[in-house]
Number of protein chains: 2
Amino acid sequence: MKRKITLKQIAKELDVSISTVSKSLRNSLEIGEETRLKVQAFAKFYNYKPNNIALSLKNRKTKSIGIIIPEIVHYFFSTVINGIEQVANEYGYSVVICVSDDSFDKEVLNMEMLANGSIDGFIMSLSKETQYKGDFHHITEVINQGMPVVMFDRVTNDILCDKVIIDDKSAAYEAVQSLIDSGRKKIALVTTVDYVSVGKLRTDGYEKALLDNGLPFNEDLIIKIEDVDTCEITISELLHARAFDAVFAVNELFAVTIIKTANKMGLKVPEDLAVIAFTDGIISKYSTPTITTVSQSGEKMGNKAAKMLIERIEAEENEDEEHTENYITEVIETHLIKRESTD
Amino acid sequence: MKRKITLKQIAKELDVSISTVSKSLRNSLEIGEETRLKVQAFAKFYNYKPNNIALSLKNRKTKSIGIIIPEIVHYFFSTVINGIEQVANEYGYSVVICVSDDSFDKEVLNMEMLANGSIDGFIMSLSKETQYKGDFHHITEVINQGMPVVMFDRVTNDILCDKVIIDDKSAAYEAVQSLIDSGRKKIALVTTVDYVSVGKLRTDGYEKALLDNGLPFNEDLIIKIEDVDTCEITISELLHARAFDAVFAVNELFAVTIIKTANKMGLKVPEDLAVIAFTDGIISKYSTPTITTVSQSGEKMGNKAAKMLIERIEAEENEDEEHTENYITEVIETHLIKRESTD
DNA sequence: TTGCTTTACGAAAACGTGGTAGTGTTGAAA
DNA sequence: TTTCAACACTACCACGTTTTCGTAAAGCAA
């Protein structure tokens, strides 16, 4: 139950000054070889490691980055964290994770908690409520304090900072185009409510693909789902009416629910109904039939976001000059993974 | 681009001492009302918040807890993190997450990185490699330094500390018993390699259930899978031989692969083959058919682990006495969730 | 011996905070 | 007048590091 040893204790024990110990351990030439080796041996024996907190205070940087996400029990977000963690680790950074639970207040609270010196920068994806309210003062604030922020996936144009996104619109376009190519005429879009930024962009891509192919854009075929539990009812009604022969769902939970509903009604996937989902998660790989998806590599997004953030952090050290803020938005490519739910 | 304001800056600006500012903000009676209000107003205007790092250094505690897990893109582990995060947040703690990637070296490295003052305690689940090697010196070390550790799920008897587990043996027993109750006679166990602690315990429960019911315990029906990719081949061979009519799989990935393999061969689940999986994840809920599982609530485990850790941390503050270490092992109850893969 | 450089180390400041122990002024009781 | 308390505030230390600056001792040339 002995506490970690400090420079001071080593100094006292060896009857030298703290500075001598510090310098010896950093192999400074100022210290004579004899003393240096003695100190190093002693430190090694007692397994001395500098205290991170003291270093953070002194250097004014913590070597850790804060992640704020809406959910953690969520395939996409966990892959992003994984991607961030990989890069962070490589560069010697730790990651501190806070979950906003899609609540504005929690997002603000978490940011404030971390902004007071605990971390060197943020990587975040906005909560639904924040996107709905359009209130981003907490983010502006940390940016004004000189703390770099990288946003991913659920971003906003109202904040100037680095961003990592996928081209939701063109990815949706590609998905819908592939449905059209295989002969589908009545393609439904199952999406979330409008204020979630990505939902809107995907809708745009869907619309454009239809129009470009001379197909009618029918508002009735856009199904907005607030909660996955209500999905089944809504879907089954429309399926009864045989209103569509293909579905583009903005997430795999919607997709798998649609497939199950169709199966219950005796419809075959993909023969009677083709299904494509956004977000290539674990469900798509293991559902029956497996689901064709637009993959958005969370890991790549995480990698990229972490790299951007760490570059910002380490750039700041070297130039205290007010450099021109040339924020960049990185677009991660997507691709269609064809599986059994389409033909 | 103004840095966060400090006590010192406020003091200088208002031409009082740092102590006066500090005390004013903590509403000390030592300071006259006029000065106090003036300082508070000024601090509020400039949005002063004490620097966490400085506080950590002074108080010798960071108000953050370290989590070390084998994987993060993993339903069970992410639910545990979620559970930890909830409680941590409630008590004003942050969580720092490191992924060991099932590698011993990474686990050691991550622990060392965090152990040097960054956190107040650990919550961890052992990596496969660590369990295989049986080398726990890195954990002993942090415990000896007086840092509390709570282990969950993948634990070891070689380390004395608080633990949160489920009763793997009796949970497996219950699952197998339910298969027997529905008339199954030849029940296979699909498990992982032996050195993963939970795998072994589940095997024990399986064996006991068979023996208690007078069924033969046949080594050939225990299928050890190193990698999920090899699962399909192994399974299909045994299915061809009609060697078993029910399967107890130690995770849902194995279970869903088995079901898919059976379906390909024209076998019906649950009629020809009943399937139960350990770990109630998202796949089980959405696969076709949905899979009967033994639920182990990751969230509850996380909640409990966090509570235990925080209690230890805060107990340490009050008693510097070498108190008798009465470590406890909390067992989280499981229950069987019946779905379509069993009858 | 004097003056200069080199070697080998120590003192102290700084990072930001909070608590303990002063300190100087005022007013009132003895 | 002395003493003492209350008031309102400041000085200082500690937390653990790193780093700049200072300096004593030793070595060496003139």
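A note on names: the letters A, B, ... follow the listed sequences, proteins ahead of strands, and every chain is numbered from 1.
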Salt bridge [X]-[Y], side-chain N to carboxylate O under 4.0 Å:
X       : Y       : answer
K106(A) : D101(A) : yes
D102(A) : R154(A) : yes
K63(A)  : D120(A) : no

With sequence neighbours left out, what residues match F76(A) under ring-ring contact (aromatic ring centres under 6.0 Å, His included)?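 ring-ring contact (aromatic ring centres under 6.0 Å, His included) list for F76(A), sorted by chain: empty.
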Measuring to OP1 and OP2 of [N], would you say a side-chain N or O of [X] lies under 4.0 angstrom away?
X      : N       : answer
T35(A) : dA8(C)  : no
S19(B) : dC12(D) : no
S22(A) : dT18(D) : yes
R36(A) : dC9(C)  : no

Return yes if the base of dT17(D) and the side-chain atoms of K61(A) contain a donor-acceptor N/O pair under 3.5 Å, otherwise no.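 Looking at the base of dT17(D), it does not pair with any donor or acceptor on the side chain of K61(A) (distance under 3.5 Å).
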Ignoring hydrogens and angles, are the base of dT17(C) and the side chain of K23(B) linked by a donor-acceptor pair under 3.5 Å?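 Side chain to base: no pair below 3.5 Å.
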From [atom1] of [X] over to [atom2] of [N], roughly how many Å is that when rounded to an integer?
X      : N       : atom1 : atom2 : answer
K63(A) : dC15(C) : NZ    : P     : 22 Å
K8(A)  : dA11(C) : NZ    : P     : 13 Å
E30(B) : dG19(C) : CD    : P     : 11 Å
L7(B)  : dC9(D)  : CG    : P     : 16 Å
I53(B) : dC15(C) : CD1   : P     : 15 Å
L29(A) : dT6(C)  : CG    : C1'   : 13 Å
L55(B) : dT17(C) : CG    : C1'   : 6 Å
Q9(B)  : dC15(C) : CD    : P     : 9 Å

DNA chain D: D15(B) or N59(B), which has the more 5' nearest nucleotide?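 Going by which nucleotide is closer to the 5' end, it is D15(B).
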Which nucleotide wins on minimum distance to the side chain of [X], given the candidates [options]?
X      : options                   : value
T6(B)  : dT17(D), dA11(D), dT17(C) : dT17(C)
K58(A) : dT18(D), dC9(C), dG16(C)  : dT18(D)
R26(A) : dT17(C), dC15(D), dT19(D) : dT19(D)
I18(A) : dT17(D), dG10(C), dG19(C) : dT17(D)
L57(B) : dG16(C), dT17(D), dT17(C) : dG16(C)

Distance check, rounded to the nearest 0.5 Å: Q86(A) atom CD versus I72(B) atom CD1?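 Here the interatomic distance stands at 11.0 Å.
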